[in-house]
Amino acid sequence: MNNDKYWNLLKSGDFMSLTHLRTHYASEIDPKELGDEKVSIAGWVHEVRDLGGICFVVVRDRTGKAQVTLVKKRTDPELLEQARKLVRESVVSVEGTVKSEGKAPNGYELIPDGITLLNEAESPLPMDTTGKVEAELDTRLDSRFIDLRREKTTAIFKIRHEVLRAVRNFLTDDGFIEVSSPKVVATATEGGTSLFPITYFDREAFLNQSPQLFKQILMSGGLDRVFEIGPIFRAEEHDTRRHLNEATSIDIEASFCDHFDVMEVLERMVAWIYGQVIENASDSLSVLGVELKVPSVPFKRVTYDEAIGIVNDNTDEMLNWGDDFGTSAEHAIGEYVFRETGESHYFIIDWPTEIKPFYAMPYEDNPVLSKAFDMMHRTMELSSGAQRIHIPELLVSRIESQGLDPEGFDFYLRAFRYGMPPHAGWGIGCERLVMSMLGVENIRDVVLFPRDRRRLSP
RNA sequence: GUCCGAAUAGUGUAGAGGCCUAUCAUGGAGCCCUGUCGAGGCUCCGACCCGGGUUCGAAUCCCGGUUCGGGCGCCA
């Protein structure tokens, strides 16, 4: 058995198109409609079960599995021998007749006329694909191409797709325009997290940690409501189950809005996403054993002051006003809200100005507090946002008081001097949204090729 | 960055100084088998992370390294 079959296939005159290799996906075949019809399926050899007088070959594609049945007495001996010798996870196309069969999975089996071996897999495989033997995350990520052949892994990425599709539909319907901002930038966004330096011809540049400054500039440009789904890069050496050095951020910015307006967009969007995933990815949800409930809106608003009180009343920690919440404090607040409301999602609002980024708008009547918010899931922070400062003088003084140099922000500040409307926005971590939705414990599970402190390949 | 833990066939594991010629499952090779669907039965194949040390004897104890996992910090 070798891969010459593929070359023979091409030589036979079929080289103009390969579409005949698959007329149907495995799960598209309905024996009531296609009974006794000729079809071809294409995919990976999931298993070969040879019982002697009868041999079953299970072929798997993106949609599911199909059983190819070869009965010894009624099958060409050469074809039977070929089927028996198939190496698991090889790529094949099987042409045959659909036969309704109650004993077979999906209610049908395929009686083959021919099996075309398109590419033979090496053996042994880097890991099991059938679910019989678990593999560690690290092993799975090293062999992501095989890992993706597992139903559970595919299910996560089908759901992630539905999440992003729902985001695009929701925001588009809400009047937002999708934009793309540069990922190679000259200066730091917020000063806080560290950036990956790169060489840009003969200059130093960085990978952007957030589209923040650019989406604000677009408000000055009059695009009014924009969103971006794109990568963000953080050079932090954090090493946890919920951090990556390259993540996907879903960001919006909207003019003539305050923080409460965009919070309302955010909670409606999250509820919509849950609803769309339930509607469009129920198969994947059941593969993962997840039962989703659409979160109720509005999400509870907890003020920063209340949150401090919850932590101090319910844990051993004693926080002072102005402290940020650590992981255990976040969990305490999340559990408290869940007990009170039965909901996992909530907002923390009215943060001290000094622990929020420079662009967060302080309350006009109490500048110690800012119009900033975090949107939390019981398990972790999902999103943060704010009404932004649109007044250039105030922005400059806030940049300075955070210990940053306004000169580095010139490209940004210029946009505020020629007519910047009041505006607000937020960013939500796509991976965190998906993992909190599915109860996935490691963020690497919801990224195809995660980039963390240690992993740079594949 | 810091603290804690782990590393045994391709994969997942058992193992507590001599019982290890290293367990089991999965997998691979071969044989038997006509309805499997984690098929079954029989035979065979395949591993102690690296380097030092302790000991008569080390997969097992100690030291160093490497890699991985988890907590925290920081954040999305």
Side-chain angles (χ1 to χ4, degrees), chain A residues 46-58 60 65-75 80 84-85 87-89 99 101-107 109 121-143 146-147 150 189-190 192-194 209-212 230-251 324-331 355-357 374-377 379-385 426-436 441-444 446-447 452-455:
Chain A
H46 187 70
E47 272 181 317
V48 179
R49 268 195 285 276
D50 180 7
L51 276 66
I54 188 165
C55 178
F56 302 103
V57 176
V58 179
R60 186 193 66 244
K65 299 184 215 98
Q67 175 167 289
V68 179
T69 302
L70 302 94
V71 178
K72 188 178 182 183
K73 283 182 188 164
R74 280 176 271 155
T75 305
L80 181 65
R84 281 178 168 159
K85 292 275 154 67
V87 176
R88 289 164 70 230
E89 297 303 321
K99 198 183 129 204
E101 174 56 70
K103 280 180 272 187
N106 302 325
E109 58 192 12
E122 281 183 27
S123 181
L125 297 164
M127 55 178 277
D128 171 62
T129 54
T130 63
K132 289 177 200 164
V133 184
E134 283 301 308
E136 287 182 8
L137 181 59
D138 198 50
T139 305
R140 292 169 43 215
L141 292 176
D142 281 341
S143 301
I146 286 277
D147 183 43
R150 296 164 68 240
T189 305
E190 303 165 28
T193 45
S194 28
Q209 66 178 80
S210 158
Q212 180 62 31
I232 55 170
F233 302 90
R234 306 272 162 103
E236 295 287 338
E237 294 191 358
H238 40 46
D239 202 0
T240 77
R241 293 183 300 176
R242 58 189 185 284
H243 288 91
L244 290 168
N245 294 294
E246 178 178 359
T248 309
S249 180
I250 301 164
D251 268 85
D324 208 342
F325 304 107
T327 308
S328 60
E330 272 181 10
H331 288 164
I355 58 172
K356 281 291 173 185
D374 281 2
M375 199 274 281
M376 313 292 294
H377 182 268
T379 51
M380 72 191 114
E381 179 182 340
L382 296 185
S383 170
S384 64
W426 42 252
I428 178 168
C430 173
E431 287 79 18
R432 288 191 173 187
L433 177 63
V434 173
M435 68 189 285
S436 61
E441 296 202 328
N442 195 315
I443 196 166
R444 296 162 182 83
V446 303
V447 181
D452 61 31
R453 173 95 175 79
R454 298 185 169 113
R455 183 173 287 277

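Bear in mind that the values here come from a model prediction, so they are computed numbers and not experimental data. Here is how names work: the chains are called A, B, and so on, in the same order as the sequence lines, proteins then strands, and each is numbered from 1.
One finds a salt bridge joining A/Glu47 and A/Arg49 here, because a Lys/Arg side-chain nitrogen approaches an Asp/Glu carboxylate oxygen to under 4.0 Å. Under the 4.0 Å criterion applied to side-chain N and carboxylate O atoms, A/Asp50 and A/Lys85 are not assigned as salt-bridge partners. A salt bridge does not link A/Asp452 to A/Arg241: none of the charged nitrogens lies less than 4.0 Å from a carboxylate oxygen.
When each of A/Asp138 and A/Asp324 is assigned the nucleotide of RNA chain B with its nearest heavy atom, A/Asp138 is the one assigned upstream, toward the 5' end. The residue among A/Gly102 and A/Met127 whose nearest nucleotide of RNA chain B is located toward the 5' end is A/Met127.
Summarising the geometry, the separation between NZ on A/Lys99 and P on B/U36 is reported as 14 Å, rounded to the nearest angstrom. Rounded to whole Å, atom P of B/C74 lies 10 Å from atom CD1 of A/Ile355. Per the geometry, CD belonging to A/Glu441 stands 14 Å off C1' belonging to B/G71, to the nearest Å. If you measure from atom CG of A/Asp452 to atom C1' of B/U67, you get 13 Å, rounded to the nearest angstrom. The distance between atom CD of A/Glu236 and atom P of B/U2, rounded to the nearest whole Å, is 15 Å. Taking atom CZ of residue A/Arg84 and atom P of nucleotide B/C32, one finds them 9 Å apart after rounding to whole Å. Rounded to whole angstrom, the span from the CZ atom of A/Arg242 across to the C1' atom of B/G69 amounts to 15 Å.
For B/A76, the OP1/OP2 oxygens have a side-chain nitrogen or oxygen of A/Ser384 closer than 4.0 Å. Contact check, A/Thr248 against B/A76: no side-chain N or O comes under 4.0 Å of OP1 or OP2. Phosphate contact (OP1/OP2 of B/C37, side-chain N/O of A/Asn106, threshold under 4.0 Å): absent. Contact annotation: A/Arg454 side-chain N/O to B/C68 OP1/OP2 distance is under 4.0 Å. In terms of phosphate contacts, A/Arg241 brings a side-chain nitrogen or oxygen within less than 4.0 Å of OP1 or OP2 of B/G71. Of the side-chain N and O atoms in A/Thr69, none sit less than 4.0 angstrom from OP1 or OP2 of B/U36.
Look at the P atom in both B/U43 and B/U26: the space between them is 14 Å, to the nearest Å. When the C1' atom is used for both B/C50 and B/A6, the distance is 16 Å, rounded to whole Å. Spacing of P atoms, B/A16 relative to B/C20, comes out at 11 Å, to the nearest Å. Comparing the same atom, C1', in B/U13 and in B/C24 gives a spacing of 7 Å after rounding to whole Å. With both ends at atom C1', the span from B/U11 to B/C45 equals 16 Å, rounded to whole Å. Atom name C1', nucleotides B/A58 and B/G15: the rounded distance is 13 Å, in whole Å. The P atoms of B/G30 and B/G35 are separated by 23 Å, rounded to the nearest whole Å. For the P atoms, the distance from B/A59 to B/G18 is 10 Å, rounded to whole Å.
Side-chain contact between A/Arg432 and A/His377 is absent, with no heavy atoms from C-beta onward closer than 4.5 Å. For the pair A/Thr130/A/Arg88, a side-chain contact is recorded, criterion being any heavy-atom separation below 4.5 Å from C-beta on. At a threshold of 4.5 Å between non-hydrogen side-chain atoms, the residues A/Met380 and A/Met435 count as touching. You'll find the side chain of A/Met127 reaches within 4.5 Å of the side chain of A/Arg150, heavy atoms only.
Distances were taken from every side-chain heavy atom of A/Glu136 (C-beta onward) to each of B/G35, B/C74, B/U13; the shortest belongs to B/U13. In the set B/U34, B/G30, B/G12, the nucleotide with an atom closest to the side chain of A/Lys73 is B/U34. Comparing atom distances between the A/Val133 side chain and each of B/U34, B/C37, B/U26 picks out B/U26 as nearest. Among B/U36, B/G27, B/C72, the nucleotide with an atom closest to any side-chain atom of A/Arg88 is B/G27.
At the heavy-atom level, A/Arg453 lies under 4.0 Å from the strands shown only through sugar-phosphate atoms. Here A/Asp251 lies out of heavy-atom contact (under 4.0 Å) with every strand. Counting any heavy atom pair closer than 4.0 Å across all strands shown, A/Thr130 reaches no nucleic acid atom. Within the 4.0 angstrom heavy-atom criterion, no nucleotide atom of any strand lies near A/Ser249. Residue A/Gly131 is classed as having no contact, given no heavy-atom separation below 4.0 Å to the nucleic acid. Residue contacts for A/Pro105: at a heavy-atom cut-off of 4.0 Å it reaches a base atom on one of the strands shown. A/Glu89 comes within 4.0 angstrom of no nucleic acid atom, judged by non-hydrogen atoms across all strands. Residue A/Ala247 is classed as a base contact, given a heavy-atom separation below 4.0 Å to a base. Contacts of A/Lys65 with the nucleic acid, taken as non-hydrogen atoms under 4.0 Å apart, are absent. Nucleic acid contact for A/Leu137: none, since no nucleic acid atom lies under 4.0 Å from a heavy atom of the residue.
Annotation for A/Ser384 and A/Lys356: closest pair CB-NZ, 4.4 Å, computed over non-hydrogen atoms. For the residue pair A/Trp426 and A/Ile250, the shortest heavy atom distance occurs at CZ3-O, 3.8 Å. Here the closest heavy-atom approach between residue A/Arg444 and residue A/Thr240 is recorded as NH1-O, 3.3 Å.
Counting distance only, with no hydrogens placed and no angle test, the side-chain atoms of A/Glu109 and the base atoms of B/G35 include a donor-acceptor pair under 3.5 Å. One can find a donor-acceptor pair under 3.5 Å joining the base of B/U36 and the side-chain atoms of A/Gln67. Judged by atom type and distance alone, A/Arg432 reaches the base of B/C75 through a side-chain donor-acceptor pair under 3.5 Å.
The pairing partner recorded for B/A25 is B/U11, the criterion being a Watson-Crick or G-U wobble arrangement whose two distances lie under 3.5 angstrom. Using N1 to N3 plus N6-O4 or O6-N4 for Watson-Crick, or N1-O2 and O6-N3 for G-U wobble, each under 3.5 Å, B/G30 pairs with B/C42. With a cut-off of 3.5 Å on both pairing distances, the Watson-Crick or G-U wobble partner of B/U2 is B/G71. In this entry B/C19 has no Watson-Crick or G-U wobble partner, no candidate having both defining distances under 3.5 Å. Base-pair partner of B/U60: not found among the strands shown (Watson-Crick or G-U wobble, both distances under 3.5 Å). Across all strands shown, B/C49 forms a Watson-Crick or G-U wobble pair, both distances under 3.5 Å, with B/G65.
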Enumerate all atom pairs, one protein N or O and one N or O from nucleotides 39-46 of chain B, separated by less than 3.5 Å.
from  : atom 1 : to       : atom 2 : distance (Å)
B/A39 : OP1    : A/Glu47  : OE2    : 3.0
B/A39 : OP1    : A/Arg49  : NH1    : 3.4
B/A39 : OP1    : A/Lys132 : NZ     : 3.2
B/A39 : OP2    : A/Glu47  : OE1    : 3.2
B/A39 : OP2    : A/Glu47  : OE2    : 3.3
B/A39 : OP2    : A/Arg49  : NH1    : 2.0
B/A39 : O5'    : A/Arg49  : NH1    : 3.4
B/A39 : N6     : A/Asp50  : O      : 3.4

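Judged as a side chain to side chain donor-acceptor pair (under 3.5 Å), and not counting sequence neighbours, the contacts of A/Glu89 are A/Arg60, A/Thr129, A/Arg149.
Considering A/Ile232, A/Thr248, A/Leu382 in turn, A/Thr248 is the only one that fulfils the side-chain contact (heavy atoms from CB on, under 4.5 Å) rule with A/Cys430.
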